[in-house]
K.L.:
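There's a structure below that I have some questions on.
Worth saying up front: this structure is predicted, and the values here are computed from it rather than measured.
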Amino acid sequence: MPIPGHIDPVPVPRALKPRADGRIDLLGLSKLDLRMALETSQLEPKQAKLRAKQLWHWIYNRGVTDFALMTDISKTMHPWLADRFVISRPQVVEAQVSTDGTRKWLLRSDDGQDYEMVFIPDADRGTLCVSSQVGCTLNCRFCHTGTMRLVRNLTAGEIVGQVMLARDALGEWPSQPEGRMLTNIVMMGMGEPLYNFDNVRDGLKIVMDGEGLGLSRRRITLSTSGVVPMMARAGEEISVNLAISLHGVTKEVRDELVPINRKYGIEELLQACADYPGTNNARRITFEYVMLKDKNDSDADARELVRLLKHYDLPAKVNLIPFNPWPGAPYECSTPERIKSFSNIIFDAGISAPVRTPRGRDIDAACGQLKTASEKMSRAELDRQAEEKLTALG
């Protein structure tokens with residue numbers, strides 16, 4: 001017989017891995033996991049619930065990393081917390097500023113892994129490009145990051161930590177909805193977000209939490225190269241804006257440029273876009289299209305792109321990206337005239353197709369250029385890795 005009334009679920013703590021110094025990093029834990037971390041450290045449940053709420057506010061609303069500065073927590077508790085826990089930030093190995101104001105950080109994790117993030121300021125917004133993996137498991141041939149080995153997934157804490165570090169650098173504490181420089185987040189840094197789904201989801205839920213960072217899901221975009229089986233789940237569990245790294249409109253060209261197309265073809269990908277929850281004219285899917293000379297930039301390619309988007313009845317915006325060169329790249333950028341013609345064909349069909357202005361090229365922070373300087377390989381090694389990745393995709 002059912003027991004009447006409200007029943008609290010039995011909380012199950014996540015298995016928390018201590019740092020080398022034995023302390024638990026609180027950054028990236030959900031509210032429940034934060035409370036359970038306190039309880040596991042022998043704090044009485046009622047007090048753990050109160051302290052967790054206070055810690056959440058100090059961490060995500062105030063940006064505080066020192067327990068001694070948390071004024072509504074008793075001074076006697078400060079050393080108890082400091083002995084058991086830490087509120088981390090990524091280690092900054094190098095910070096660069098472009099002539100156009102773009103900022104790039106080379107970051108290092110506790111286990112010595114390097115990854116990058118980029119902040120792009122504009123007149124009406126400031127966008128943080130966040131990484132989800134160290135390296136990348138894909139091998140998009142125009143992308144410098146794609147030439148790296150996949151080392152590991154970033155944790156939810158390391159994903160949130162990028163946002164926290166940017167807020168630190170911009171002086172945007174305490175957190176507030178108005179007057180921010182950092183207004184948007186794009187999961188377009190190193191890695192394929194949908195191959196690190198759980199950590200990306202958990203990290204973004206913290207970013208969107210109204211009692212902390214409070215960034216609206218309408219201001220967050222997740223980019224995927226086309227991991228079709230995970231797209232519906234992303235729409236249901238994260239429900240942020242979707243961007244697709246398309247870059248080709250025929251099987252032959254997209255197989256070369258975005259090899260995951262050999263596993264999930266264009267038609268399957270576009271159907272998954274059509275099925276993505278919440279898509280409408282006010283919430284369009286963005287299609288990223290890098291412009292490569294004599295590869296994917298003909299008028300015929302533009303017309304085929306229009307045909308595909310209309311066939312699947314997709315509320316769409318096409319971002320045309322002039323190719324950003326990197327040492328050893330096998331492609332050249334399309335001419336400005338060719339890009340303009342391509343854009344005009346799409347605009348004439350009633351689909352927005354702006355040409356993205358390259359940002360941060362002088363510090364290798366532009367789209368497709370992210371790759372940690374610590375990893376340098378020969379062309380032969382890059383080609384060998386590319387073949388390995390293609391073989392794995394079947």
K.L.:
Taking Arg201 first and then Asp198, would you say they form a salt bridge - that is, a charged N and a carboxylate O separated by under 4.0 Å?
P.N.:
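Yes, this pair counts.
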K.L.:
List the steps and the verdict of side-chain contact (heavy atoms from CB on, under 4.5 Å) for Leu270 and Phe287.
P.N.:
CA-CA 10 Å; Leu270 294 180; Phe287 290 89; 3.7 Å; yes
K.L.:
Rounded to the nearest 0.5 Å, what separates atom OG in Ser175 from atom CD in Glu172?
P.N.:
8.5 Å
K.L.:
Going from CD1 on Ile87 to OH on Tyr60, what distance comes out if it is rounded to the nearest 0.5 angstrom?
P.N.:
8.5 Å
K.L.:
Among Leu50, Asp33, Leu55, exactly one meets side chain to side chain contact (heavy atoms under 4.5 Å, CB included) together with Leu38. Which residue is that?
P.N.:
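Between Leu38 and the candidates, side chain to side chain contact (heavy atoms under 4.5 Å, CB included) is satisfied uniquely by Leu55.
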K.L.:
Under a 4.5 Å side-chain heavy-atom rule over Ile, Leu, Val, Met, Phe, Trp and Tyr, are Phe347 and Val306 clustered together?
P.N.:
no
K.L.:
Taking Pro277's backbone N and O only, do any of them form a donor-acceptor pair with Glu236's side chain (distance below 3.5 Å, no angle check)?
P.N.:
no
K.L.:
Tell me whether Val86 shares a hydrophobic cluster with Leu29, the cluster being built from Ile, Leu, Val, Met, Phe, Trp, Tyr side chains joined at under 4.5 Å.
P.N.:
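No.
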K.L.:
For the backbone of Glu252 and the side chain of Asp255, can you confirm whether one donor and one acceptor N or O come within less than 3.5 Å of each other?
P.N.:
no
K.L.:
Tell me whether Glu256 is salt-bridged to Lys295, with the criterion being a basic N under 4.0 Å from an acidic carboxylate O.
P.N.:
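The answer is yes: the pair qualifies as a salt bridge.
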K.L.:
Looking at CE of Met188 and SG of Cys129, how far apart are the two atoms once the value is rounded to the nearest 0.5 Å?
P.N.:
7.5 Å
K.L.:
Which word best sums up how the rings of Phe323 and Tyr331 line up, parallel for under 30°, tilted for 30 to 60°, or perpendicular for over 60°?
P.N.:
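Plane angle over 60°, so perpendicular.
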K.L.:
Can you check ring pair (Phe, Tyr, Trp, His ring centres under 6.0 Å) on Phe67 and Phe85, steps first, answer last?
P.N.:
CA-CA 9 Å; Phe67 296 110; Phe85 305 107; 7.1 Å; no
K.L.:
Should Asp25 and Lys17 be marked as a salt bridge (Lys or Arg N to Asp or Glu O under 4.0 Å) after you check the CA-CA gap, both sets of side-chain angles, and the distance that decides it?
P.N.:
CA-CA 9 Å; Asp25 193 346; Lys17 184 178 179 181; over 6 Å; no
K.L.:
Applying side-chain contact (heavy atoms from CB on, under 4.5 Å), run through Gln133 and Val151 and close with a yes or a no.
P.N.:
CA-CA 8 Å; Gln133 295 178 310; Val151 179; over 6 Å; no
K.L.:
Could you go step by step and tell me if Thr221 and Val240 meet the side-chain contact (heavy atoms from CB on, under 4.5 Å) rule?
P.N.:
CA-CA 6 Å; Thr221 300; Val240 294; over 6 Å; no
K.L.:
How many angstroms lie between atom CZ of Arg89 and atom CG of Leu107, to the nearest 0.5 angstrom?
P.N.:
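It is 12.0 Å, given to the nearest 0.5 Å.
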K.L.:
Per the side-chain hydrogen bond (donor to acceptor under 3.5 Å, both in side chains) rule, what does the pair list look like for residues 339-354, sequence neighbours excluded?
P.N.:
Asp299-Ser341, Arg338-Ser341
K.L.:
Set out, in order, the CA-CA distance, both residues' side-chain angles and the distance that settles side-chain contact (heavy atoms from CB on, under 4.5 Å) for Leu222 and Ile238, then state yes or no.
P.N.:
CA-CA 9 Å; Leu222 184 150; Ile238 308 176; 4.2 Å; yes
K.L.:
Is the backbone N or O of Ala234 less than 3.5 Å from a side-chain atom of Glu237, with the two atoms forming a donor-acceptor pair by type?
P.N.:
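No; zero donor-acceptor contacts below 3.5 Å.
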K.L.:
Does the pair Asn184 and Thr127 meet the rule for a side-chain hydrogen bond (donor to acceptor under 3.5 Å, both in side chains), with working shown?
P.N.:
CA-CA 5 Å; Asn184 293 67; Thr127 301; 4.8 Å; no
K.L.:
Please report the C-alpha distance between Ser109 and Arg152 in whole Å, then the side-chain angles of each, then the deciding distance to 0.1 Å, and finally whether the side-chain hydrogen bond (donor to acceptor under 3.5 Å, both in side chains) criterion is met.
P.N.:
CA-CA 11 Å; Ser109 64; Arg152 68 168 173 83; 3.2 Å; yes
K.L.:
Within the distance-only criterion (no hydrogens, no angle test), does the side chain of Asn261 pair as donor or acceptor with the backbone N or O of Ile266 below 3.5 angstrom?
P.N.:
yes
K.L.:
Mind checking the CD-CD1 spacing from Glu211 to Ile206? Nearest 0.5 Å is all I need.
P.N.:
12.5 Å
K.L.:
Evaluate whether atom CG of Asp313 has more than 12 neighbouring non-hydrogen atoms of other residues, nucleotides or ligands under 6.0 angstrom away.
P.N.:
no
K.L.:
May I ask you to say whether Lys49 pairs ionically with Glu39, meaning some side-chain N is under 4.0 Å from a carboxylate O?
P.N.:
no
K.L.:
According to a 4.5 Å side-chain heavy-atom criterion applied to Ile, Leu, Val, Met, Phe, Trp and Tyr, with indirect links allowed, do Leu269 and Phe197 form part of one hydrophobic cluster?
P.N.:
yes
K.L.:
Going by the side chain to side chain contact (heavy atoms under 4.5 Å, CB included) test, name the single residue among Leu26, Asn61, Asp209 that passes it with Trp56.
P.N.:
Asp209
K.L.:
Does Ala353 offer a backbone N or O that forms a donor-acceptor pair with the side chain of Asn319 under 3.5 Å?
P.N.:
no
K.L.:
Which atom names give the shortest non-hydrogen contact between Arg19 and Ser88, and what distance separates them?
P.N.:
NH1-CB, 4.5 Å
K.L.:
Can you check whether Ser131's main-chain N or O pairs, donor with acceptor, with Gln162's side chain at less than 3.5 Å?
P.N.:
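Pair found, side chain donor or acceptor close to backbone of Ser131.
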K.L.:
So if you build clusters from Ile, Leu, Val, Met, Phe, Trp, Tyr with side-chain heavy-atom gaps below 4.5 Å, do Leu27 and Met208 land together?
P.N.:
yes
K.L.:
Ignoring hydrogens and angles, tell me if any N or O in the side chain of Gln42 forms a donor-acceptor pair with the backbone of Thr40 under 3.5 Å.
P.N.:
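Between the backbone of Thr40 and the side chain of Gln42 there is a qualifying donor-acceptor contact (under 3.5 Å).
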K.L.:
Taking all atoms of both residues into account, what is the closest heavy-atom pair of Leu182 and Phe119, and its distance?
P.N.:
CA-CE1, 4.0 Å
K.L.:
Would you compute the distance between atom CZ of Arg218 and atom CG of Asn241 and round it to the nearest 0.5 angstrom?
P.N.:
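Rounded to the nearest 0.5 Å, the CZ-CG separation comes to 9.5 Å.
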K.L.:
Would a single hydrophobic cluster contain both Met230 and Ile285, if residues Ile, Leu, Val, Met, Phe, Trp and Tyr are joined by side-chain heavy-atom contacts under 4.5 Å?
P.N.:
yes
K.L.:
Using modelled atom types only, decide if a donor and an acceptor are shared between the side chain of Lys310 and the backbone of Ala349 within a distance under 3.5 Å.
P.N.:
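Judged by distance alone, yes, a pair lies under 3.5 Å.
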K.L.:
Quick check: does any side chain N or O of Thr102 sit under 3.5 Å from a backbone N or O of Ser98, one acting as donor and the other as acceptor?
P.N.:
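No, Thr102 side chain to Ser98 backbone: no donor-acceptor pair under 3.5 Å.
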K.L.:
Evaluate side-chain hydrogen bond (donor to acceptor under 3.5 Å, both in side chains) for Asn196 paired with Asn199, printing each intermediate quantity in order.
P.N.:
CA-CA 6 Å; Asn196 185 20; Asn199 288 324; 3.0 Å; yes
K.L.:
Any side-chain to backbone donor/acceptor pair from His78 onto Met70? Under 3.5 Å, distance only.
P.N.:
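Answer holds: yes.
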